[in-house]
S.K.: 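Take a look at the following structure, please.
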Amino acid sequence: MRITCPYCGARNLEEFTYRGDATVKRPESIEETARDAWIDYVYLRDNPAGLHKELWHHSAGCHAWLQVTRDTTTHEIVDVERVAKER
Amino acid sequence: MSKLKSMSALESVAVPGRHGKSDGPAGVTLQERADLGLATLEVRKGQAAALDAAVQAAYGVALPNGPVSAVGKGVRFVGVGPGQWFAVSETHANEALANDLATKLEGLASVADHSSGRAVVRVEGPSVRDVLAKGLAIDLDPGVFGDGAAAVTNISHMGVLVWRDGEAFDLAVFRSVAGSFYGWLEEAAAAYGLDVVTTS
Ligand SMILES: [Zn+2]
C-alpha cells in the first residue's frame with residue numbers, strides 16, 4: 001500500500017504510522033454526565049464497509065498528520081489531506 | 001574540564017580505498033562531508049512571510065515550498081516538511097551555521113544545531129542510482145528527482161535525508177546509525193566497486 005503525502009509525494013506504507021478513526025471527537029465536558037460520551041470516544045468504533053476517514057502520521061517522512069480517506073472494502077485511497085491547515 | 005575531541009562519524013569506519021569489485025573503474029565513489037554546518041529551522045506561527053523575506057535578505061534565496069533545496073549565499077536550504085527546512089553549509093562550519101541562522105532569523109524561526117547529530121556522505125558515479133535503489137524506495141530518475149530534489153525517507157530501514165546536487169547525491173543519517181548505514185552501503189556497492197575518498 002502506498003499513500004500520496006501532499007508534501008512528499010507517493011511513499012510506501014513503511015513510512016507511515018496509523019493513528020485511528022479521524023471522525024471521533026473528544027467530548028467537551030469532563031463531568032460525570034458525559035460518561036457515555038467518553039466511553040464512546042475512547043472505546044467504541046464504527047466498522048464501516050466503504051469509505052472511512054483515518055489519521056496517519058508520516059513518521060519517517062515530513063512528520064505531518066494526514067487525514068486519509070480509504071475504502072475499507074478495496075483499500076483504494078481516494079483522498080489525502082494535511083490535518084494542519086497552515087503554518 | 002578538557003574539551004571533547006571533535007571526530008567525524010565515519011572515522012575508522014569508512015576505510016579509504018577500494019572496496020568490493022576491484023577491477024575497472026569504481027561504480028560508486030563515497031566521500032564524507034565532515035565539518036559541515038547543519039541546522040534545522042521551523043517557522044514560528046504566523047511568521048511565514050517575514051521568514052521568507054529575512055532569508056531572502058540574509059542569504060539571497062527563497063525558501064523552497066516543497067521537497068526540494070535552494071542554494072543561497074553559503075547555505076543550502078532543504079525542504080523537509082511543511083514550514084520546516086534543513087540547512088547545510090560549508091562556509092559556516094559546525095555550530096556556526098545555527099548561530100548565524102538564529103541571529104538573522106530571530107523571532108521568525110526556531111533553529112536547532114544538528115552538526116554533531118548527523119553524518120553526511122556524498123555518493124556519485126555511474127552505478128550510484130542502482131546502489132541506492134537497493135535501500136531507497138523512491139524514484140531517483142533525473143526526470144523525477146532532478147538537481148536540488150530532496151526527500152526525507154528511509155534507506156535500508158534507517159531514517160535518511162537525501163538531496164541531489166548535480167550528478168551527486170548527499171545523504172544525511174543520524175550519527176548513531178552512521179556505522180550501520182556505511183556497512184549497508186559498502187555491501188550494496190560491492191558488486192560495482194566502491195571507492196572511499198578521504199576528505200581531511
Ligand atoms: Zn510527508
Side-chain angles (χ1 to χ4, degrees), chain A residues 1-30 41 45 50-87, chain B residues 40-52 55 63-69 78-86 105 108-110 112 133-141 143-146 149-164 171-174 177 181:
Chain A
M1 191 165 111
R2 307 181 92 194
I3 296 175
T4 302
C5 171
Y7 187 89
C8 303
R11 296 292 180 83
N12 59 356
L13 188 60
E14 182 191 288
E15 295 191 10
F16 298 88
T17 310
Y18 180 66
R19 167 66 175 79
D21 192 329
T23 64
V24 292
K25 291 274 180 291
R26 189 176 185 274
E28 298 278 334
S29 169
I30 56 166
Y41 169 67
R45 292 292 178 270
L51 295 181
H52 188 227
K53 288 191 190 304
E54 8 189 81
L55 289 171
W56 289 79
H57 187 229
H58 197 181
S59 44
C62 66
H63 304 117
W65 279 100
L66 306 174
Q67 180 180 274
V68 174
T69 308
R70 183 175 65 93
D71 190 321
T72 59
T73 61
T74 62
H75 295 312
E76 185 195 359
I77 290 173
V78 299
D79 187 51
V80 183
E81 49 185 281
R82 272 179 64 209
V83 175
K85 292 304 172 213
E86 55 165 292
R87 291 296 289 255
Chain B
T40 55
L41 60 151
E42 181 158 4
V43 65
R44 297 263 176 93
K45 194 172 184 181
Q47 301 293 341
L51 177 63
D52 270 341
V55 168
L63 282 172
N65 238 330
V68 289
S69 52
V78 186
V80 292
Q84 299 168 59
W85 297 269
F86 189 76
L105 309 175
L108 307 176
S110 299
K134 294 181 183 185
L136 207 54
I138 58 171
D139 191 350
L140 296 176
D141 186 274
V144 178
F145 200 84
V152 181
T153 181
N154 287 331
I155 191 161
S156 187
H157 312 287
M158 289 168 269
V160 68
L161 167 60
V162 53
W163 65 91
R164 188 179 191 131
L171 302 152
V173 296
F174 288 110
V177 299
F181 165 72

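Naming: A, B, ... by sequence-line order, numbering from 1 per chain.
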S.K.: Can you pull out every salt bridge (Lys or Arg N to Asp or Glu O under 4.0 Å) where at least one residue sits in residues 58-79 of chain A? Sequence neighbours excluded, please.
M.R.: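 Qualifying pairs: A:E54-A:R70.
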S.K.: Go through the atoms of B:D139 and report whether side chain, backbone, both or neither lie under 4.5 Å from a heavy atom of chain A.
M.R.: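 For B:D139, there is no contact with chain A at all, as no heavy atom is under 4.5 Å.
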S.K.: Do you know which two heavy atoms are closest between B:G81 and A:C62, and how far apart they sit?
M.R.: CA-CB, 3.7 Å
S.K.: Taking all heavy atoms of B:V152 and all of A:R11, pick out the closest pair and write down the distance.
M.R.: O-NH1, 2.7 Å
S.K.: Inspect the surroundings of CZ in A:R19 and state if more than 12 heavy atoms from other residues, nucleotides or ligands are less than 6.0 Å away.
M.R.: no
S.K.: Considering all heavy atoms of both residues, which atom of B:A137 and which atom of A:R2 are nearest to each other, and what is their separation?
M.R.: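 Closest approach of B:A137 to A:R2: O-NH2, 4.3 Å.
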S.K.: For a quick test of reading the model, state the closest non-hydrogen atom pair linking B:N154 to A:E15 and the distance between them.
M.R.: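 Where B:N154 meets A:E15 most closely, the heavy atoms are N-OE2, 4.1 Å.
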